[in-house]
**Student:** 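First, the structure itself, so that you have it in front of you.
Whatever order the structure lists ligands and atoms in, that order sets their numbers, starting from 1. Excluded from the calculations below are hydrogen atoms, water molecules and symmetry mates; all remaining heavy atoms, backbone and side chain alike, are included.
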Amino acid sequence: MITKSMNEALKGRNMAIESTTSTSARHSHALKRNRAMRKRVNRHAESFHDKRFAMDCTEKEVDAIVCSPHKHVEVMAVAGSGKTHTLMMRILYLIVNKVDPEKILLLGFTNASVDNLNDRIREWCDAPLAEHTQRALERNGLSLNAQIRKGLIRVQAKTVHGFALNLLRPQGCKGIATHAERHPLFKHAVDSVLRRLESKTVWPRMGASLRQTVRNHLTELGKLGANKTEAIYEMDATELAQLWLPGVDHGERIVAKVVEAFNTLCTTDGKFTYDELLIGASEYLKKHRTAHDVTHVLVDEYQDCDSAQRNVIRNLGLFAGCSVMAVGDPDQAIFGFSGGGYKPLKNLLKGSVNYPLSVSFRLTKPMADLANAVRKSDASIQALRGGSKPKTLRFPSEQSQANFAASWAERLLNQEVPKNQVAVIGRTHASLKMLRRALLKKGLLGFDLKTLVALKKVLHACEMISRPTSTNSWMPNWLGTLANDHQKKQLRNAAKAHCMMSRFRILRQLYWRTQCAMNDAEKTILKDLELVEPLLNAFETPLQAWCHFKSFDGGVSVMTVHAAKGKEWDHVMVIGAVDGLMPIQYAIDQKRLKEERNVMYVAVTRARVNLTILWCPMTHVGRFAKQSVELNQISRFLR
Ligand SMILES: Nc1ncnc2c1ncn2[C@@H]1O[C@H](COP(=O)(O)OP(=O)(O)OP(=O)(O)O)[C@@H](O)[C@H]1O
């Protein structure tokens with residue numbers, strides 16, 4: 001049934017269905033129009049397929065890329081099979097076909113995956129293209145001309161939370177509140193109920209002893225740590241009463257008053273927690289089906305979305321004229337601990353088409369064999385290139401393992417391998433600590449990831465400040481939070497400054513001090529930034545600076561498997577491949593063990609040329625360790 005509001009939306013896209021008197025007549029008319037439209041789109045797709053990108057990717061990839069924009073597409077494919085590449089080609093396809101880049105929504109699951117996507121966009125815009133892409137474009141007589149590059153750079157990847165925040169800001173959402181930030185509000189709510197209890201404006205007929213008991217409980221409740229406040233989101237009034245006021249008569253009524261006061265304070269505060277953001281966005285999209293402008297939603301790492309994120313995607317996809325393309329690999333689902341997990345797109349959106357890909361362009365044949373053994377899945381990964389077998393080495397201690405990894409990196413760099421092609425990955429930050437130190441000693445670890453992220457934030461802020469009125473920008477909101485006119489004036493002056501250095505200085509002063517409240521961690525970041533400051537003088541734009549820092553960052557990439565997801569390097573070393581770390585000690589049930597298997601699968605599929613795996617017996621047994629974990633054995637996934 002085409003509703004009036006849908007028709008309005010279609011009108012905007014020159015696709016409106018003319019209204020006829022009877023519903024059935026309207027339906028048949030709509031069907032005809034749709035059929036004609038589909039034909040047009042398919043013709044368009046065929047010509048695109050034949051003439052432009054015929055040899056660019058595998059057949060299936062092309063099919064997915066040129067698939068009708070009115071269909072939902074899922075590309076479920078093995079590691080390194082070009083999922084992200086397919087997304088990029090799809091974007092290019094849309095831009096070549098005159099889709100407004102502002103209407104393309106590119107979603108990543110984590111900040112790391114969003115960074116990865118934005119980096120890819122920049123690479124396509126700035127750096128020489130990968131050989132295979134360049135060859136394909138040339139062969140098909142298409143160049144990434146200036147206009148298309150301009151369009152491409154306007155496509156900005158976002159996390160689902162980032163999208164939700166942008167959507168809800170005009171509706172009054174003032175930002176994100178963590179549970180820790182909500183805690184003072186909770187305390188106020190408890191205090192206000194306590195005050196009303198004392199002044200007898202509530203429960204005037206409550207007996208003296210009960211009043212005293214409730215007073216004691218509430219006083220204790222006000223002192224609870226921020227993490228205890230989380231219970232308020234997870235439990236109902238009965239459960240909360242048992243937790244907060246055990247054995248107290250009418251506990252539920254008292255709890256209800258606290259919850260009510262808390263909710264009122266949260267509404268006045270105007271900030272949303274991460275969960276509330278997604279729920280709010282879903283509700284908003286449900287109610288205002290015509291209110292958003294997105295016509296193409298592209299989702300990377302789809303397998304890691306949790307149910308709230310999937311709900312947002314679903315509600316976007318239900319919007320008439322909006323197509324969803326999701327790419328992912330169920331065997332790379334490693335965020336189950338935060339609620340992530342794979343659900344086929346067709347379960348969310350009817351009629352979605354699935355394109356599986358099994359050829360990995362990244363992996364060599366021996367690496368694909370290893371990945372197949374780790375993954376233990378029916379469909380095997382195929383690789384096109386030969387190469388050396390991945391090496392597995394055992395070390396007596398963590399220190400010798402770290403020293404070896406650092407020397408390995410040094411040797412590669414001495415052989416003129418670019419720094420950004422060498423990476424060491426481990427299961428946890430703690431397992432990478434010794435290596436970081438060893439690399440630092442050798443001067444190979446310039447800025448750690450955290451500093452780089454901080455730098456990126458500041459550079460991003462510098463970029464944003466040049467267009468403070470942009471609707472996507474957080475700037476207007478931030479302007480509102482600045483305490484005094486002097487600060488606002490400073491910010492405006494910074495926006496006018498041509499030199500990036502002056503923008504950076506003012507921003508650093510204002511942004512870092514007002515937004516981050518300068519806790520210890522941020523002070524350290526600031527110290528690191530001091531190091532970078534002189535270098536910023538050499539650049540005119542933040543983008544130039546960022547591109548430079550990415551290659552300059554002085555270091556071999558050192559990161560956890562979770563951060564390495566979606567990335568690739570020529571030379572990769574996986575350290576700590578021991579039972580107890582991979583799988584992690586506390587993974588005891590089948591579900592967690594499957595996820596740990598996925599973690600190993602992600603780790604061994606990051607290399608393009610060379611993969612080395614190190615392990616040493618674990619000396620530290622965590623408090624979660626179970627008898628079954630053999631801490632002096634190589635990971636069971638590699639045996
Ligand atoms: N058609 C192709 N021909 C040659 N190389 C390709 C092709 N498609 C992608 N590649 C290359 O294969 C590598 C892996 O691509 P990409 O990162 O897009 O894979 P992915 O499936 O997203 O990986 P992951 O599963 O790790 O997220 C990249 O270096 C990319 O340039």
**Student:** Between Pro366 and Lys389, what is the shortest heavy-atom contact and its length?
**Tutor:**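 Smallest interatomic distance, heavy atoms only, reads CB-CA, 3.8 Å.
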**Student:** Does Gln332 have a non-hydrogen atom less than 4.0 Å from ligand 1?
**Tutor:**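 Yes, Gln332 has heavy atoms under 4.0 Å from ligand 1.
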**Student:** So, Gln421 versus Arg608: side-chain donor-acceptor pair below 3.5 Å or not?
**Tutor:**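 There is such a pair between these side chains.
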**Student:** Using a 4.0 Å cutoff against the non-hydrogen atoms of Arg120, which atoms of ligand 1 qualify?
**Tutor:**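 Answer, ordered by atom number: 16 (P), 17 (O), 18 (O).
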**Student:** State whether the shortest distance between N or O atoms of Gly80 and N or O atoms of ligand 1 falls below 3.5 angstrom.
**Tutor:**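 Yes, since at least one N or O of Gly80 sits under 3.5 Å from an N or O of ligand 1.
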**Student:** Which residues pass the side-chain contact (heavy atoms from CB on, under 4.5 Å) test with Thr273, not counting sequence neighbours?
**Tutor:**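 For Thr273 the side-chain contact (heavy atoms from CB on, under 4.5 Å) partners, ignoring immediate neighbours, are His179, Arg182, Tyr233, Asp275, Glu276.
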**Student:** May I ask you to check if ligand 1 and Gly82 share an N or O to N or O distance below 3.5 Å?
**Tutor:**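 Checking ligand 1 against Gly82, an N or O pair does fall under 3.5 Å apart.
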**Student:** Between His296 and Tyr93, is the gap from one ring center to the other below 6.0 Å?
**Tutor:**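 No: the rings miss the under 6.0 Å criterion.
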**Student:** List the atom of Ala603, the atom of Leu611, and the distance in Å for their closest heavy-atom pair.
**Tutor:**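 Minimum heavy-atom separation between Ala603 and Leu611: O-CD1, 4.5 Å.
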**Student:** Pick from Gln303, Lys594, Arg597, Lys376: which one makes a side chain to side chain donor-acceptor pair (under 3.5 Å) with Asp331?
**Tutor:**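 Testing Asp331 for a side chain to side chain donor-acceptor pair (under 3.5 Å) against Gln303, Lys594, Arg597, Lys376 leaves exactly one candidate, Lys594.
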**Student:** Which of the atoms in ligand 1, numbered in the order shown and given with their element, are less than 4.0 Å from a heavy-atom of Ser81?
**Tutor:**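 Here the atoms of ligand 1 in question are 19 (O), 21 (O).
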**Student:** Tell me which one of His85, Lys83, Arg362 gets a heavy atom nearest to atom 9 (C) of ligand 1.
**Tutor:**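 Among His85, Lys83, Arg362, the closest heavy atom to atom 9 (C) of ligand 1 belongs to His85.
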**Student:** Treating Glu595 as the side-chain partner and Gly336 as the backbone partner, does any N or O pair qualify as donor plus acceptor under 3.5 Å?
**Tutor:**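 Present.
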**Student:** I'd like to check which ligand 1 atoms, numbered from 1 as shown, lie under 4.0 Å from a non-hydrogen atom of Arg606.
**Tutor:**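 So the atoms of ligand 1 that pass are 26 (O).
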**Student:** Look only at interatomic distance and state if Lys567 has a nitrogen or oxygen under 3.5 Å from any nitrogen or oxygen of ligand 1.
**Tutor:**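 No.
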**Student:** Just which atoms of ligand 1 are under 4.0 Å from any heavy atom in Gly566?
**Tutor:**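 So the atoms of ligand 1 that pass are 27 (O).
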**Student:** Which ligand 1 atoms are under 4.0 Å away from a heavy-atom of Ala79?
**Tutor:**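 Reading through ligand 1 atom by atom, the close ones are 25 (O).
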